[in-house]
Amino acid sequence: MTGTGTDHQAHPQDPSPAERLADLLERSRWFGGKGRPFSVTGTRRAGTFGGSGADDDPFVAIELVEVTYTDGTDDAASGEPATELYQVPLAVYLDRQERLDHAFVGWWDVDGIGTGSTGPTGPTWAHVYDAAHDRVALHAWLEAFSRAGDGAVDAGSALAFHRLPGHELDLEARASLFSGEQSNSSVMFGDVALMKIFRKVTPGVNPDVQVHEVLTSTGSHHVAELYGWLDVLDETSDAVIQLAMLQEFLRTASDGWDLAQASVRNLFAQEDLHADEVGGDFAAEAARLGTALAEVHATLAEHFPVEARSGSEVGDLAAAMDARLAAAIAVNGDLEQYAPGLRTRFAAVAALGDVPVQRVHGDLHLGQTLRTTSGWKIVDFEGEPAKPLHDRLLPDSVWRDVAGMLRSFDYAPRVVARTLEAPDQETWDQRYARAEEWAAHNRAAFLRAYAGRDLEPAEETLLAAYVADKAVYETVYETRNRPGWVDIPLAALARIGGAA
Ligand SMILES: Nc1ncnc2c1ncn2[C@@H]1O[C@H](COP(=O)(O)OP(=O)(O)O)[C@@H](O)[C@H]1O
Ligand SMILES: O=P(O)(O)O[C@H]1O[C@H](CO)[C@@H](O[C@H]2O[C@H](CO)[C@@H](O)[C@H](O)[C@H]2O)[C@H](O)[C@H]1O
């Protein structure tokens, strides 16, 4: 996303900073509140670091922006919080930076940004830009992480840059923002380090930092090594908020989602062959992914609590799926028709005996997997962005992650199929049949390698429920973010809900 494109010539106080921030959020890919009415109900400064604010020496002001939704939803009704906190780092220049017009956010009163006092002629207006789009400002993070490695502490700020030992940072590295921004903003420093700026933040431990720290310390081959993180002691909540994570950049990585799509294109290009006959058959990779996930789950089980849910707790698991369905129907009424079949699947979970739970990924899909020369890596252990932090830290069933991958094998061929011309219904139907063949072939390879055996009936029940629950989540996600794709999870629910 770029800045707001606010007119540099407008009056500094019009619109207000809160309105400018609301505008910036609304246009940003990482803003999770799309499609919901909201207003900015507060901002607080986590801290500042970097330069003096002079030309080519900006300082970074990290704003924590409180957003309140005004659609009447609250925790009880929807499972979604009525307020959220977003991190918005701003690059502050005391003079206008013409080269950054695209990332201009607005003017801030110098008093308001804490750099000095109002001059005799009235407030001095600093020019403020979206720091994620400003290479010079991004470099300030690299420098601060580098100083943290030398044991240096930034005086006068509640911000703390932490580093794990054993890695050098190259201060000459060029900073660039990943173009495919997702729930957060990721920045490459050369081809050595990657920094993720967390956007929706919550007081407490960030699961991405926490899991990467554990898997790095155990020498897991399936994650990028953690190099460090940035946090702040937030006075308002009296808790630490983790703001950014620095990790190894996997320079030989290819995105699992891109590889899967390439395989599907290969299949569609050879009309008379089956998925297991084409050169681009993905099944061996799907199987390696299954093995990698099983190994990650085993390591997580060794280092985080493993518990058994039984009786009413299993009922709670099923009730949570029911509640999510009810909230999702309020967002997309097309779900209503599948509700009876879905509720039957969720009720089957409530009837299970013990369900083992442990720390899991929580939002696994092909876009969270990277194929490197040394095998598959899994990224982004933050869990589902829409869930409250407390829920994302809770142990869950490993079948949630497996279900996420199965859904992704369902998405990949259908996304490719819709990019191709279909002159008539017959071509369309054939393509969809082949899409399902690709999906089934790779789902089976993945699942076989993951489990290494046939699933128990109870596992089948759980997996089916998690697949349905994920498709319900996706319906909401697509309705809000990519309405043109919402038919993909809805079609899956028609198959699942209709058949139950
Ligand atoms: N360590 C890494 N090295 C190289 N690329 C990475 C690394 N971690 C993530 N990526 C890429 O960055 C993208 C965004 O990362 P992710 O952790 O999924 O961010 P988000 O939380 O914004 O969804 C991923 O799809 C992946 O392609
Ligand atoms: O990667 P994020 O944590 O931001 O995850 C969110 O966005 C994903 C899309 O990028 C979304 O995944 C859905 O679309 C994928 C294809 O783009 C597909 O492979 C997944 O199976 C599907 O769930 C994810 O659900 C959402 O949380």
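Note that these values count all heavy atoms, side chains included, but never hydrogens, waters or copies made by symmetry. Numbers here simply count residues along the sequence, with the first being 1.
Ring centers of Phe38 and Tyr86: at least 6.0 Å apart, outside the cut-off.
Classification of the Tyr69-Phe31 ring pair by plane angle, with boundaries at 30° and 60°, yields parallel.
Scanning for side chain to side chain contact (heavy atoms under 4.5 Å, CB included) contacts around Ala328 gives Leu335, Val472, Val476, with sequence neighbours left out. Take Phe189 and apply the ring-ring contact (aromatic ring centres under 6.0 Å, His included) test, not counting sequence neighbours, and it matches no residue. Residues that satisfy the ring-ring contact (aromatic ring centres under 6.0 Å, His included) test with His297, not counting sequence neighbours, are Tyr450. Considering only residues two or more places apart in sequence or on other chains, Ala137 meets the side chain to side chain contact (heavy atoms under 4.5 Å, CB included) condition with Pro58, Val60, Ala91, Ala131, Asp134. The ring-ring contact (aromatic ring centres under 6.0 Å, His included) check on Tyr432 picks up Trp428, with sequence neighbours excluded. Legend: residues meeting side chain to side chain contact (heavy atoms under 4.5 Å, CB included) with Ala287, ordered by chain and number and at least two apart, are Ala449. Residues forming a side chain to side chain contact (heavy atoms under 4.5 Å, CB included) with Asp170 (at least two apart in sequence, or on another chain): Glu172, Ala173.
Counting non-hydrogen atoms of other residues, nucleotides and ligands closer than 6.0 Å to CZ of Arg174 gives a total of 12 or fewer.
The main-chain N or O of Arg29 is found under 3.5 Å from a side-chain atom of Lys34 such that the two form a donor-acceptor pair. Not one N or O on the side chain of Glu248 forms a donor-acceptor pair closer than 3.5 Å with the backbone of Ala224. A donor-acceptor pair under 3.5 Å links the side-chain atoms of Thr344 to the main chain of Pro340, judged by distance alone. Counting only distance, with no hydrogens or angles, the side chain of Asp391 and the backbone of Lys387 share no donor-acceptor pair below 3.5 Å. Here the side chain of Arg434 pairs a donor or acceptor atom with the backbone of Leu267 at under 3.5 angstrom. Between the Glu459 side chain and the Glu456 main chain, a donor and an acceptor come within less than 3.5 Å of each other.
In this model, no donor atom of one side chain and acceptor atom of the other lie less than 3.5 Å apart for Asn206 and Gln210. Side-chain contact, Asn332 with Thr479: a donor N or O sits under 3.5 Å from an acceptor N or O. Checked by atom type, the side-chain pair Asp396/Gln358 shows no donor-acceptor distance below 3.5 Å. Donor-acceptor pairing under 3.5 Å is lacking for the side chains of His361 and Asp380. In this structure, a donor-acceptor pair under 3.5 Å is present between the side chains of Ser374 and Thr372. Using modelled atom types and a 3.5 Å distance limit, the side chains of Ser185 and Arg199 yield a donor-acceptor pair.
Using a 4.0 Å cut-off between charged nitrogen and carboxylate oxygen, Glu285 and Arg371 count as a salt-bridge pair. With respect to the salt-bridge test (charged N to carboxylate O, under 4.0 angstrom), the residues Glu382 and Lys200 do not qualify.
Considering CG of Leu259 and CZ of Phe282, their distance stands at 5.5 Å, rounded to 0.5 Å.
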List, one per line, each side-chain donor-acceptor pair under 3.5 Å for residues 306-323, sequence neighbours excluded.
residue, atom, partner, partner atom, Å
Glu307, OE1, Arg309, NH1, 3.0
Glu313, OE1, Ser310, N, 3.4

May I have the list of side-chain donor-acceptor pairs in residues 216-223 shorter than 3.5 Å, sequence neighbours left out?
residue, atom, partner, partner atom, Å
Thr216, OG1, His212, O, 2.6
Thr216, OG1, Leu226, N, 2.9
Ser217, OG, Glu213, O, 3.4
Ser217, OG, Val214, O, 2.8
Thr218, OG1, Val214, O, 3.4
Thr218, OG1, Leu215, O, 3.0
Ser220, OG, His222, N, 3.1
His222, ND1, Trp376, O, 3.0
His222, NE2, Glu295, OE1, 2.6

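Residue pairs meeting the salt bridge (Lys or Arg N to Asp or Glu O under 4.0 Å) criterion with at least one partner in residues 411-424, sequence neighbours excluded, are Asp410-Arg414, Arg414-Glu436, Arg418-Asp487. Legend: salt bridge (Lys or Arg N to Asp or Glu O under 4.0 Å) pairs involving residues 250-268, not counting sequence neighbours, sorted by first then second residue: Asp191-Arg251. Sorted by first and then second residue, the pairs that involve residues 357-366 and meet salt bridge (Lys or Arg N to Asp or Glu O under 4.0 Å), not counting sequence neighbours, are Asp363-Lys470.
Heavy-atom minimum distance, Ala286 versus Asn442: CB-O, 3.7 Å.
Geometric assessment of Arg443 against the ring of Phe409 yields a negative cation-pi assignment under the 6.0 Å and 45° thresholds.
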Exercise for the section: Take Leu364 and Phe381 through the test side-chain contact (heavy atoms from CB on, under 4.5 Å) and record every step on the way to the result. Expected result: CA-CA 8 Å; Leu364 196 56; Phe381 286 80; over 6 Å; no
